[in-house]
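Just so we're on the same page: letters track the sequence lines, and every chain starts at 1.
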Number of protein chains: 2
Amino acid sequence: MNLADFKVGVDNVIFSVDSQEHRLLVLLVKREENPFINQWSLPGTLVRKGESLEASAQRILAEKIRVNNLYLEQLYTFGGPHRDPRESPDSFGVRYLSVSYFALVRFEEAQLLSNNNHKTTWHIVQEVPQLGFDHNEILAYGYQRLRNKLEYSPIAFEILPELFTLNDLYQVYSTILGENFADYSNFRSRLLKLGFLIDTEKKVSRGAGRPASLYRFDAEAFAPFKDKPFVFV
Amino acid sequence: MNLADFKVGVDNVIFSVDSQEHRLLVLLVKREENPFINQWSLPGTLVRKGESLEASAQRILAEKIRVNNLYLEQLYTFGGPHRDPRESPDSFGVRYLSVSYFALVRFEEAQLLSNNNHKTTWHIVQEVPQLGFDHNEILAYGYQRLRNKLEYSPIAFEILPELFTLNDLYQVYSTILGENFADYSNFRSRLLKLGFLIDTEKKVSRGAGRPASLYRFDAEAFAPFKDKPFVFV
DNA sequence: GCAAAAGTGTTTCCTTTACACCCATGG
DNA sequence: CCATGGGTGTAAAGGAAACACTTTTGC
């Protein structure tokens, strides 16, 4: 039989938004073994016996950070021969295939675990260095997916607290999509008109200025918009 | 080491549009071996040594049909344990993982090969039977992707001839997306305004009625719209 | 009172949608 | 000449973009 034998790896592109600093972050680990020792790379692992792909992605995520809420979805599968230097040169030995996952986690609650010597840290997406393997490519793909998802899926609410102000929401959007999209005032009216944000009437004051209303995302009211194109811009 | 060992399969969701009959078709094969013998399934194969995933997808496609033009892209990777009955019950033997690809081919030129006893035939997408493995799920996913792609990518031109009428184009769109989208007149003006369809001034007459202009897709003029959201609706 | 942040409203412009209508050809 | 399909134009409605203005708080 001339079928290829594979080990399957899972690589996670884990994003988070630091609203205070207005920065989009991605989690990287410094490799402690070959190949690419001492280079930054996406947190990844090889799939174990009896473990599903997604369970594997969850496991590596749980090893690096402790989170209460996250959004996780499969990205892409990279699997040509020669993509991993551990393969034998003629690729007639074991092949390494990578299924990448894309995650979005709450920054405030994401505690970095086992962070001895800063081997696992957040990096500003626009300033990531050269990564091991083909991870720069995977990251670029994930970044693109993140921006698309944000526009037509309610993933922002996955990383916002239960109650949030409209400015909190705006910060998430403008941090990820960049400054060149709708201004705050138009963003407000569009979202409120859609009707899936519930004003709880509770007010919160943050320093000077008028106190803001706290809103809640109503998943049921959002249902009609599922799969519909471009809810926000 | 408790890492899982994988064989990697590739399953193709191959779509085609029969404009005459106004039907969207998907290519299915009748399985001639176990598991799921005599059931319909997506054409698939296992990846060979030294073969990339995409090359594997191309190979199975070339075995079933001969085409001159096609669009091919990766869909999704299904890889939980227990998805393939060939796996040992406790999944501690070899695992089977499926990377699915999605293709769109020209109907007129797609000659079905090795079609002894109609083991490989086109099926109307809305009427596919129960398939082997998790292939109904993969097909549903591919169908969704096809509709999305059509709205913001120029994949329709991949399966149209070099020169086509605006009605030919409209037929592709309405066949795939269903009847409930823009009428022909508005479809015309929107696309022409975008400026990447070149009127060759050549006319073609098909029975009664005014002869139609033949148009050409200008890839360079389309470039600015790449990745931009919703060019058509 | 004044700066700062939240929230509302208005004006302009552009796109979408639903049609009506004209044009060129075969039979 | 009329049915058939190709092609153009337009009026009404709706949404996006820019920005001015009001409200409510801290200091």
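- The environment of B:K202 atom NZ is sparse: at most 12 non-hydrogen atoms of other residues, nucleotides or ligands sit within 6.0 angstrom.
- Across residues 201-212 of chain A, A:G207, A:A208, A:G209, A:R210, A:P211 each have a non-hydrogen atom less than 4.0 Å from an atom of DNA chain D (numbered order).
- Using the six-membered ring where Trp is involved, B:Y76 and B:Y141 have ring planes that are tilted, between 30° and 60° apart.
- Annotation: side chain of B:F164 is in contact with side chain of B:L197 (closest heavy-atom distance under 4.5 Å).
- Proximity of a side-chain donor or acceptor of B:S98 to a complementary backbone N or O of B:F78 within less than 3.5 Å is not detected.
- No more than 12 heavy atoms of other residues, nucleotides or ligands shown are found within 6.0 angstrom of CD on A:E220.
- Atom CZ of A:R66 has 12 or fewer neighbouring heavy atoms from other residues, nucleotides or ligands inside a 6.0 Å radius.
- Listed for the B:D18 side chain is no donor-acceptor partner under 3.5 Å among the backbone atoms of B:R23.
- Taking a heavy-atom distance under 4.0 Å as the criterion, the stretch of DNA chain D touched by chain A extends 5' to 3' from D:dA16 to D:dG26.
- Near DNA chain D, defined here as any heavy-atom distance below 4.0 Å, the residues from residues 183-192 of chain A are A:D183, A:S185, A:N186, A:R190, listed numerically.
- Taking the side chain as every heavy atom from C-beta outward, A:N12 and A:L42 never approach each other to under 4.5 Å.
- B:V29 places a side-chain heavy atom less than 4.5 Å from the side chain of B:S41.
- For B:F196 and B:F217, the ring centers are positioned less than 6.0 Å apart.
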